[in-house]
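Read through the structure below, which is laid out as structure tokens, and then see the notes.
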Amino acid sequence: MVDITPFSLPGKFWRGNLHTHSTLSDGLLAPNKVIEAYKNAGYDFMMLSEHFIGHYDWPVADTRFLRSNGFTTIIGAELHAPETSVGELWHIVAAGLPLDFAPCGEDETGPELARRAARAGAFIGIAHPAWSQLTVADGHSIDSAHAVEIYNHGCAVENDRGNGWYLLDQMLNNGKKLNAFATDDAHFHDHDRDAFGGWVHVKAESPDPQDLLTALKSGNYYSSQGPQIHSVSISGDQLVIECSPVDIISVVGGTSRSVKQSGRSLSKATLDLARLAEGWLVPGPSPWIRVTIKDASGNCAWTNPIWRNEIEPGNIAS
Ligand SMILES: [Zn+2]
Ligand SMILES: [Zn+2]
């Protein structure tokens with residue numbers, strides 16, 4: 001059995017939200033009110049991701065003074081530059097920016113801006129692909145990305161375009177090794193309707209912002225709307241998962257096939273990955289898989305993609 005990261009790593013899971021706005025850009029609440037709301041909701045960390053444009057005077061929110069015992073913040077922003085294939089501005093989550101990150105250059109494109117942020121040390125996430133109507137070519141053009149925002153709660157609530165898996169799954173099929181992350185993108189214009197709906201559980205020894213960022217960039221986290229994943233192990237074609245009680249546990253790869261177990265309050269399942277390659281005209285085993293669990297309320301948690309060649313004996317990251 002190979003125990004899959006991040007579940008097998010030492011440390012603890014810290015719950016955080018990487019995408020939310022305050023009055024420093026177009027959110028309704030002041031920064032301290034936003035931070036207080038997340039702290040009261042049981043989060044361990046969060047990031048104000050203000051719209052990094054001249055209209056708001058290029059904000060990189062300095063939230064260091066809002067850190068307290070048991071709650072920390074990451075410094076970052078939501079970056080914008082021309083232009084996606086539908087002719088709009090890019091929206092790129094950059095977690096871990098220096099406070100003096102320079103405004104965009106006049107001719108700087110989205111991919112160039114993302115590269116500059118990555119060079120400055122940031123975790124780069126392609127925001128709300130469905131809301132932005134991003135194509136797969138758009139996704140690949142952000143070649144410094146660490147992850148795709150596969151669930152954006154604000155977009156889900158506002159216009160049913162919260163799910164970004166379509167983009168990540170196709171990029172994985174093209175061999176691009178990216179991770180997935182869920183966020184709120186809360187603005188609090190309608191009370192907290194767009195808050196506390198999607199987050200990440202980051203595995204790290206401490207909730208130090210630098211430790212959290214290192215873990216994020218390494219993919220040592222998973223995404224959730226509520227359920228918790230405790231462990232994932234793989235031996236040959238057998239995948240074993242342990243989690244909080246859910247009604248559906250399923251695995252997909254790069255084709256239409258899936259393998260699932262359903263029932264009431266399942267907290268463990270063993271799934272046969274060989275069945276992902278069965279069916280009419282299904283090409284051989286998918287090089288990557290990912291696990292989704294869904295509880296009785298319809299809330300999901302998702303692992304990051306697991307590349308099977310990385311867990312074969314002799315090829316396991318220590
Ligand atoms: Zn956005
Ligand atoms: Zn946003």
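Order of appearance sets the numbers: ligands from 1, and atoms from 1 within every ligand. All values below come from the heavy atoms of this structure, side chains included, with hydrogens, waters and symmetry mates left out.
Taking the six-membered ring for Trp and the full ring otherwise, the centers of F71 and Y38 sit at least 6.0 Å from each other.
Geometrically, K203 does not engage W14 in a cation-pi contact, judged by NZ or CZ lying under 6.0 Å from the ring centre and within 45° of the ring axis. Remark: R161 fails to qualify as a cation-pi partner of W131 under the 6.0 Å distance and 45° angle criteria applied to the six-membered ring.
Listed by chain and number, H19 NE2, H21 NE2, E78 OE1, D185 OD1 are the protein N/O/S atoms closer than 2.8 Å to the Zn ion (ligand 2), with waters left out.
Salt bridge annotation for D247-K294: absent, with no cationic side-chain nitrogen under 4.0 angstrom from a carboxylate oxygen. No salt bridge links R193 with E158; every basic N to acidic carboxylate O contact stays at or beyond 4.0 Å.
For D160, the CG atom counts as loosely surrounded, since its 6.0 Å shell holds 12 or fewer non-hydrogen atoms of other residues, nucleotides or ligands.
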